[in-house]
Q: 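Can you read through this structure? Questions will come right after.
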Amino acid sequence: MMTRREPTVGDLSERALLTRILNVVGDASQADVGPGDDAAVITVPDGRVVLTTDTLVHGPDFRLAWSTGYDLGSKAAAVNLADVAAMGARPIALLVALALPDTLPVAFVDELARGLRAACDRLAPGCAIEGGDLTVSDTLTIAVTAAGVLDGAAPVLRSGARPGDTVAVAGELGAATRGLALLFDRFRTADGIPVEVDAGLLTEAERADLAAQLRPAPPIALGPVAARAGASALMDVSDGLLLDATRMADASGVTIALDGPLGDDALRGGEDHALLACFPTAAALPAGFLRIGAVAPRGEAAVTVAGAAPSGRSGWDPYRDWDTQRG
């Protein structure tokens with residue numbers, strides 16, 4: 001008896017595959033002209049657009065053995081939404097370009113589209129996938145461009161921290177790096193080949209860490225909240241708190257003195273996509289932000305932890321921390 005083969009990307013025309021994707025993401029469009037034309041047309045309330053882009057490539061950024069299509073769609077949206085929020089902006093649109101192996105199951109692409117849509121609905125209501133591109137490649141690649149609006153406010157830059165400001169963070173730190181360690185430690189063969197995750201082997205805490213790595217949920221709504229609360233500096237923590245705080249300190253010409261309850265995973269782990277913010281002392285911290293330090297005049301070190309300059313590895317490097325393998 002012959003079994004029915006699951007359809008793959010190579011079995012469908014570009015138009016047929018695009019129609020499947022738009023059936024999932026298209027009806028959420030908020031644009032004047034949304035998906036289906038040569039380009040989207042979007043009304044921008046105050047004439048300014050915040051733009052960012054990020055690319056996920058099989059190998060250095062994810063492994064198909066570990067991530068479902070839904071995981072990848074959700075993560076691709078979340079990491080771009082976080083960059084928009086880190087400017088104090090409200091996300092309004094995503095453009096998604098997919099380079100797909102022709103052997104990839106069509107059902108996987110359906111799930112990827114559902115993950116993109118679900119992440120927008122959950123993290124940034126009103127943001128929609130407004131267009132993109134499809135092509136064929138031996139290596140699965142997801143490139144997302146995100147657009148946001150400032151709603152009349154000034155963008156919050158990483159260069160605005162001033163001595164005396166309170167340093168605070170919104171979102172969890174350290175969970176994503178623990179989740180990645182679980183994947184590399186527990187779900188690879190002796191030869192280093194990734195194998196499918198068996199959630200039954202994990203504790204509840206480990207499953208939460210794995211979700212933080214595979215399906216991050218940054219506090220997107222708190223970016224505009226921080227801006228309205230008077231944040232002087234703001235940025236996405238994607239490469240580790242120490243490394244990103246150093247970038248903020250260097251851009252602002254100050255020292256960031258961290259004194260909160262911060263473990264090594266929180267300080268040096270990457271891919272959390274929390275929001276690091278500075279607020280003037282007169283400003284009340286918005287709900288969802290936790291104080292972790294203060295801004296000082298520039299000293300010898302850009303960042304100190306409990307009064308001392310940290311040593312050793314400062315943060316996340318995807319080429320090193322994903323073991324340099326390619327797709």
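Residue numbers run from 1 in the order of the sequence given. Treat the numbers as computed from the prediction; the structure is a model and nothing was measured.
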Q: Kindly state each residue pair satisfying salt bridge (charged side-chain N to carboxylate O under 4.0 Å, His left out) with at least one member in residues 293-305, sequence neighbours excluded.
A: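 Residue pairs passing salt bridge (charged side-chain N to carboxylate O under 4.0 Å, His left out), neighbours aside: Asp250-Arg298.
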Q: According to salt bridge (Lys or Arg N to Asp or Glu O under 4.0 Å), who are the partners of Arg48, at least two apart in sequence or on a separate chain?
A: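 Salt bridge (Lys or Arg N to Asp or Glu O under 4.0 Å) list for Arg48, sorted by chain: Asp46.
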Q: Using the test side chain to side chain contact (heavy atoms under 4.5 Å, CB included), find all partners of Ala89 that sit at least two apart in sequence or belong to another chain.
A: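 Val50, Val84, Leu150.
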Q: Hydrophobic cluster membership, with links at side-chain heavy-atom distances under 4.5 Å among I/L/V/M/F/W/Y: are Val169 and Val167 in one?
A: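 Val169 clusters together with Val167.
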Q: Could you name each residue pair satisfying salt bridge (charged side-chain N to carboxylate O under 4.0 Å, His left out) that touches residues 89-111, not counting sequence neighbours?
A: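 For residues 89-111, and leaving out neighbouring residues, the salt bridge (charged side-chain N to carboxylate O under 4.0 Å, His left out) pairs sorted by first residue read Arg20-Asp110, Arg90-Asp151, Glu111-Arg114.
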Q: Once salt bridge (Lys or Arg N to Asp or Glu O under 4.0 Å) is applied, do any residues pair with Asp209, and if so which ones, sequence neighbours excluded?
A: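 Salt bridge (Lys or Arg N to Asp or Glu O under 4.0 Å) list for Asp209, sorted by chain: Arg178.
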Q: Would you mind listing every salt bridge (charged side-chain N to carboxylate O under 4.0 Å, His left out) that reaches into residues 210-231, with sequence neighbours excluded?
A: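 Found Asp71-Arg215.
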Q: So, using side chain to side chain contact (heavy atoms under 4.5 Å, CB included) as the criterion, who are the partners of Leu157 when residues are at least two apart?
A: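 Leu157: side chain to side chain contact (heavy atoms under 4.5 Å, CB included) contacts with Met87, Pro155, Ser159.
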Q: Report yes or no: do Asp265 and Thr177 form a side-chain donor-acceptor pair below 3.5 Å?
A: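 Side chains of Asp265 and Thr177: no pair found under 3.5 Å.
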Q: Show, in sequence, the C-alpha distance, side-chain angles and deciding distance for Arg158 and Asp244, and conclude whether the salt bridge (charged side-chain N to carboxylate O under 4.0 Å, His left out) test is met.
A: CA-CA 10 Å; Arg158 61 179 66 178; Asp244 286 324; 5.9 Å; no
Q: Please list, chain by chain and in numerical order, all residues satisfying side chain to side chain contact (heavy atoms under 4.5 Å, CB included) with Asp198, sequence neighbours excluded.
A: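 In terms of side chain to side chain contact (heavy atoms under 4.5 Å, CB included), with neighbours along the sequence ignored, Asp198 is linked to Phe187, Leu201.
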Q: Who passes side chain to side chain contact (heavy atoms under 4.5 Å, CB included) against Glu6, sequence neighbours left out?
A: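 Partners of Glu6 by the side chain to side chain contact (heavy atoms under 4.5 Å, CB included) criterion, ordered by chain and then number, come out as Pro105, Ala107.
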Q: Rest of the hydrophobic cluster containing Val225 (Ile/Leu/Val/Met/Phe/Trp/Tyr, side-chain heavy atoms under 4.5 Å)?
A: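 Val156, Leu222, Leu234, Leu275, Phe279, Leu285, Phe289, all in the cluster of Val225.
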Q: Salt-bridged, Asp239 to Arg247, with N to O below 4.0 Å?
A: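 Yes, Asp239 and Arg247 are salt-bridged.
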Q: Which pairs count as salt bridge (charged side-chain N to carboxylate O under 4.0 Å, His left out) when at least one residue sits in residues 121-133, sequence neighbours excluded?
A: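 For residues 121-133, and leaving out neighbouring residues, the salt bridge (charged side-chain N to carboxylate O under 4.0 Å, His left out) pairs sorted by first residue read Arg117-Asp121.
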Q: For Glu206, which residues count as a salt bridge (Lys or Arg N to Asp or Glu O under 4.0 Å) partner, sequence neighbours excluded?
A: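 Once residues adjacent in sequence are excluded, the partners of Glu206 under the salt bridge (Lys or Arg N to Asp or Glu O under 4.0 Å) criterion are Arg186.
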